[in-house]
2 protein chains.
Amino acid sequence: MQSVTNSPKVALHEPSFTGNELAYVKECIDTGWVSSVGGYVDRFERELAEYTGARHAVVVSNGTSGLQVALQLVGVKPGEEVLIPALSFVATANAVSHCGAYPHFVDSEATTLGLDVAALSDYLDRVAESVGDVCINKRTGRRIAAVVPMHTFGHPVDMPALVELAARHRIALVEDAAESLGSWIGDRHTGRFGRCGMLSFNGNKIVTTGGGGAIITDDDALAKRAKHLTTTAKVPHAWEFFHDEVAYNYRMPNLNAALGCAQLERLGGFLGSKRKLTELYAQAFSDLPQVRLFAERQGTRANYWLQTLMLAPEVADQRDAILKATNAAGQMTRPVWNLLTTLPMYMACESMPTPVAQDLARRIINLPSSPHLTGAL
Amino acid sequence: MQSVTNSPKVALHEPSFTGNELAYVKECIDTGWVSSVGGYVDRFERELAEYTGARHAVVVSNGTSGLQVALQLVGVKPGEEVLIPALSFVATANAVSHCGAYPHFVDSEATTLGLDVAALSDYLDRVAESVGDVCINKRTGRRIAAVVPMHTFGHPVDMPALVELAARHRIALVEDAAESLGSWIGDRHTGRFGRCGMLSFNGNKIVTTGGGGAIITDDDALAKRAKHLTTTAKVPHAWEFFHDEVAYNYRMPNLNAALGCAQLERLGGFLGSKRKLTELYAQAFSDLPQVRLFAERQGTRANYWLQTLMLAPEVADQRDAILKATNAAGQMTRPVWNLLTTLPMYMACESMPTPVAQDLARRIINLPSSPHLTGAL
Ligand SMILES: Cc1ncc(COP(=O)(O)O)c(C=O)c1O
Ligand SMILES: Cc1ncc(COP(=O)(O)O)c(C=O)c1O
């Protein structure tokens with residue numbers, strides 16, 4: 001591994017700020033526009049929309065808050081259920097909880113690392129029933145209000161199949177595209193298959209604003225409400241303070257949007273670098289038959305945000321030894337998340353059987369993935 | 001007014017970034033530490049604690065989120081009630097709603113612009129009863145779980161009296177000190193009279209981080225849980241992703257904390273400038289008997305964050321004409337907020353009679369308050 005990282009000490013993911021980051025941030029400070037109003041917020045929203053092809057992007061304080069609001073906007077109500085992958089970062093489940101709703105866990109598929117659409121279809125046929133226009137979990141009696149696929153490390157879920165399944169069961173579709181800015185299925189960007197999608201610009205993401213996120217959507221009314229609900233629902237007036245619904249302060253400050261604009265200019269370079277890194281790792285590991293670099297599926301283009309080493313089943317029990325040795329040697333590697341079904345606060349939630357997610361969780365190791373590692377930046 | 005502002009066009013409040021703001025933010029970008037870890041987050045927390053005298057400060061993404069978490073930490077549960085002033089920014093009520101609780105509105109006092117402790121005491125004697133250790137609203141049957149005083153424009157509420165009242169009724173006390181960094185009662189900083197207090201560093205506040213807030217407290221356990229709950233409740237481990245409760249991503253990025261550190265260095269100067277501005281306005285308006293500059297109460301030290309012109313009752317009906325004329329003349333003035341009891345989503349909430357708050361709302365005009373207006377910065 002060190003033959004690729006070329007360094008005695010290397011992080012899992014470090015951002016690169018050698019473009020216009022400082023210039024844009026300096027401009028905010030020089031002009032005094034660091035907060036909720038300012039040109040970079042509008043510009044970042046416009047450029048995110050342009051890049052992804054969405055009609056609208058609404059930037060927010062982070063991805064978790066963005067997903068919470070997105071779920072509320074598609075109609076998720078307290079006490080309802082939302083289908084999410086068992087194999088995801090805890091934020092996907094937390095956003096559901098913050099709506100007062102319950103996560104309902106779904107198994108993963110080994111070729112995408114994401115939600116298994118075929119298995120979910122069979123499962124819903126068994127456990128759900130249509131009552132009028134709504135999908136009901138027969139066991140709990142609760143409405144299944146939405147499904148949230150997550151594009152793991154930038155590898156797209158099989159969205160065309162999921163769109164069809166969600167429509168058939170009249171379940172709203174919202175994408176957790178936190179990790180997949182720059183990942184496409186055909187010529188459609190991830191996050192654009194459901195009513196809306198969420199992006200994250202956390203410090204470890206392919207493009208960062210320090211902390212931040214966005215809701216992307218083609219739905220004019222939803223975009224308008226997303227903006228309203230994340231900016232205290234203030235009704236425009238020359239001086240009056242009138243707010244017309246319970247709402248949030250989930251704004252992205254202009255200072256952070258400025259960083260985002262500079263980072264977005266460099267996304268092409270980051271994507272090239274990450275793709276190159278996958279090739280270098282694949283070569284470096286090519287004489288070890290027990291491991292392989294996880295690669296994009298045909299017809300999709302992954303952003304290769306986090307480099308993913310797959311252990312063969314017969315060496316899965318060596319995962320922790322490998323993590324220990326590499327971290328001790330200064331090469332920061334990480335396992336994938338503990339399955340959400342194993343966390344104390346989500347253990348009692350509804351779940352389909354998750355044999356594939358359990359297997360994957362034992363076999364994934366993420367490798368150092370900073371874009372500067374290829375030396376090209 | 002223009003004799004004070006000295007400019008044909010002047011905003012209500014603009015920040016000043018002529019100190020170390022750029023240097024610190026540049027350091028974040030140069031080192032790559034813009035996000036959730038980084039020295040400025042720790043430093044800003046340490047320096048906020050030192051300045052306010054609190055044992056702990058936990059920085060968060062904004063004041064609204066900070067207040068929500070503070071309320072949850074003192075035990076506010078969904079379906080309970082929280083006493084808040086009818087005269088406040090909508091965020092105070094929204095934070096209560098985000099806990100699933102209901103605002104219950106309290107009248108204001110003309111000498112502090114804040115919660116009227118004596119009137120609240122009489123009101124509680126009528127409407128509340130103690131059942132074991134809890135305070136129950138006899139009309140709704142709901143628990144009254146907490147009271148949240150707010151220090152309007154930096155003018156402190158009569159906290160010693162409120163501390164006593166809250167203790168007598170066994171109601172938790174949490175301060176909305178969003179507007180009162182630099183405001184003291186005797187030698188105790190506002191926000192330090194209850195179990196915990198919230199500060200805001202929104203763009204319009206006396207010290208800004210672009211967007212941000214903090215929870216201050218002397219309670220070690222509460223501070224620890226505040227940090228845990230606002231950072232996804234991750235349990236520390238060399239590489240494992242284990243989270244032990246439903247939690248939030250309410251982190252303040254290091255980039256924003258860097259701005260905060262630089263601003264905090266200049267707080268003394270801002271406070272001096274704002275005090276001076278009050279004197280200048282008071283002089284400028286001294287031959288108009290129908291108006292006066294709102295001044296700090298004896299025994300307290302206000303930060304004079306927003307300059308507050310009080311109209312005499314007999315000219316209150318001219319408020320809108322004054323707002324119109326001054327704004328048309330490029331001098332940005334503002335009325336105080338519409339009473340929360342008049343907003344559609346809070347109209348049906350419990351409320352004591354609010355004659356004083358209603359009267360104040362018709363008589364307050366905020367004047368341009370940027371610290372640079374005195375020319376001293
Ligand atoms: C899959 C997934 N969902 C949600 C989030 C939450 O985004 P944020 O950290 O911006 O709140 C992240 C990133 O942290 C993520 O990786
Ligand atoms: C009284 C009051 N409470 C709460 C808040 C909310 O703080 P923030 O804007 O940081 O969410 C503010 C400031 O905006 C405020 O003035």
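Quick caveat: nothing in here was measured; it's all calculated off a predicted structure. Convention: sequence-line order gives letters A, B, ...; per-chain numbering from 1.
- Pairing each heavy atom of B/L339 with each of B/A361, the nearest pair is CD2-CB, 4.0 Å.
- Note: B/F201 and B/F44 have tilted aromatic rings, judged against thresholds of 30 and 60 degrees for the angle between ring planes.
- Residue B/L259 touches chain A through its side chain alone, counting heavy-atom pairs closer than 4.5 Å.
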Could you list each donor and acceptor atom pair linking chain A to chain B at less than 3.5 Å?
residue, atom, partner, partner atom, Å
A/S35, OG, B/N202, OD1, 3.4
A/S35, OG, B/G203, N, 3.1
A/S35, OG, B/G210, O, 2.6
A/N62, ND2, B/N249, O, 2.7
A/N94, ND2, B/A247, O, 3.2
A/H98, NE2, B/A247, O, 3.0
A/N202, OD1, B/S35, OG, 3.4
A/G203, N, B/S35, OG, 3.1
A/G210, O, B/S35, OG, 2.6
A/A238, O, B/R334, NH2, 3.3
A/E240, OE2, B/N338, ND2, 3.1
A/F241, O, B/N338, ND2, 2.9
A/A247, O, B/N94, ND2, 3.2
A/A247, O, B/H98, NE2, 3.0
A/N249, O, B/N62, ND2, 2.7
A/Y250, OH, B/Y250, OH, 3.3
A/N256, OD1, B/N256, ND2, 3.0
A/N256, ND2, B/N256, OD1, 3.0
A/R334, NH2, B/A238, O, 3.2
A/N338, ND2, B/E240, OE2, 3.1
A/N338, ND2, B/F241, O, 2.9

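- Heavy-atom distances place the backbone of B/A238, and not its side chain, under 4.5 Å from chain A.
- Note on A/M252, A/M332, A/M345: by heavy-atom pairs under 4.5 Å with chain B, the leading option is A/M345.
- A distance of 11.5 Å separates CG of A/L87 from CZ of A/F105, quoted to the nearest 0.5 Å.
- With contacts defined as side-chain heavy-atom distances shorter than 4.5 Å, the pair A/V69/A/V58 does not qualify.
- Here B/V25 is the residue among B/V336, B/V25, B/L340 with the most heavy-atom pairs under 4.5 Å with chain A.
- Contact of the A/L71 side chain with the A/M198 side chain is not registered, since no non-hydrogen atoms from C-beta on lie closer than 4.5 Å.
- Interatomic distance, A/I365 CD1 to A/L306 CG, rounded to the nearest 0.5 Å: 13.0 Å.
- Taking each heavy atom of B/A11 and B/P368 in turn, the nearest pair found is O-CB, 3.4 Å.
- In this structure, chain A has a heavy atom under 4.5 Å from the side chain of B/P15, while its backbone stays farther away.
- Chosen from B/P344, B/G63, B/G211, the residue pairing most often with chain A at heavy-atom distances under 4.5 Å is B/P344.
- Between the CG atom in A/L309 and the CG atom in A/L367 there is a gap of 5.0 Å [rounded to 0.5 Å].
- Both the backbone and the side chain of B/V246 come within contact range of chain A, with heavy atoms under 4.5 Å apart.
- In plain terms, the two heavy atoms of B/I215 and B/G66 that are nearest each other are CD1-O, 3.6 Å.
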